[in-house]
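Inspection log for the structure reproduced underneath, given as structure tokens.
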Amino acid sequence: MSRSCWLMKSEPTTFSIDDLAAAPNQTTCWEGVRNYQARNLLRDEIATGDRVLFYHSACAVPACVGTAVVVREGYPDHHAWDPRHHYHDPKSSPEKPTWYMVDIRLESRFDKPVSLTEVRQDPLLADMPLLRKGNRLSIQPVTKRQFDRIVRLGKAQQ
DNA sequence: GCCAACGTTGGC
DNA sequence: GCCAACGTTGGC
């Protein structure tokens with residue numbers, strides 16, 4: 001039973017890896033996913049102990065900036081039930097939750113960001129879903145090999 | 001700010 | 001079930 005690897009996107013203006021580092025226990029719930037494909041991953045696939053590449057999207061330099069570990073498996077995103085919450089969704093209820101989230105804890109911040117450009121230039125990373133045209137999925141599967149490669153590229157000394 | 005790609009909604 | 005309209009994502 002090996003741990004799976006994932007890439008999770010976040011807009012740094014909304015929630016950056018610095019925000020994760022500053023959070024209590026350097027842990028956060030990955031709230032606000034409102035896409036069914038990503039929801040299915042959160043609910044059914046992502047397990048405690050899985051590794052996560054933390055990716056900054058929609059910013060000046062889109063890049064992988066660190067890693068995290070899943071510390072709590074999929075559970076209902078209760079923010080969807082709160083009418084005053086930004087992520088409110090009337091479709092979802094405590095009886096029949098539509099949306100799920102996991103908790104992740106910071107594992108490492110890279111010495112240097114591994115930019116999208118750098119990922120694109122690396123032949124070992126050519127198959128990453130991140131590079132597929134039009135791909136907007138905010139949670140993506142990553143192979144162990146791809147994960148390890150990016151972690152290596154994020155180190156100051158290689 | 002632009003725009004391509006994609007997901008969702010809703011009329012029919 | 002089809003598909004046009006609309007909203008969102010995210011690189012550039």
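Quick caveat, the model's predicted, so the values are computed rather than measured.
If you take CG of A:Asn135 and P of C:dT8, they are 19 Å apart, rounded to a whole angstrom. Atoms OH (A:Tyr87) and C1' (C:dT8) sit 13 Å apart, rounded to a whole Å. Going from atom CH2 of A:Trp99 over to atom C1' of B:dG7 covers 10 Å, rounded to whole Å. Distance, A:His56 NE2 to C:dG11 C1': 16 Å, rounded to whole Å. With rounding to whole Å, A:Tyr36 atom OH is found 13 Å from B:dG7 atom P. Atom NZ of A:Lys9 is separated from atom C1' of C:dG10 by 7 Å (rounded to the nearest Å). A:Met8 has its CE atom 14 Å from the P atom of C:dG10, to the nearest Å. Rounded to whole angstrom, the span from the CD atom of A:Glu11 across to the P atom of C:dT8 amounts to 12 Å.
Proximity of a side-chain donor or acceptor of A:Arg3 to a complementary backbone N or O of A:Gly49 within less than 3.5 Å is detected.
Distances from the side chain of A:Lys133 to the nucleotides B:dT8, B:dA4, C:dG11 place B:dA4 closest. Here B:dT9 is the nucleotide among C:dG10, B:dT9, C:dG11 with the atom lying nearest to any side-chain atom of A:Lys91.
Judged by distance alone, the side chains of A:Tyr75 and A:Asp103 do bring a donor and an acceptor atom under 3.5 Å apart.
Between A:Phe54 and A:Trp30, the ring center distance clears the sub-6.0 Å criterion.
When heavy atoms are screened at a 4.0 angstrom cut-off, A:Arg120 is found touching the sugar-phosphate backbone but no base atom.
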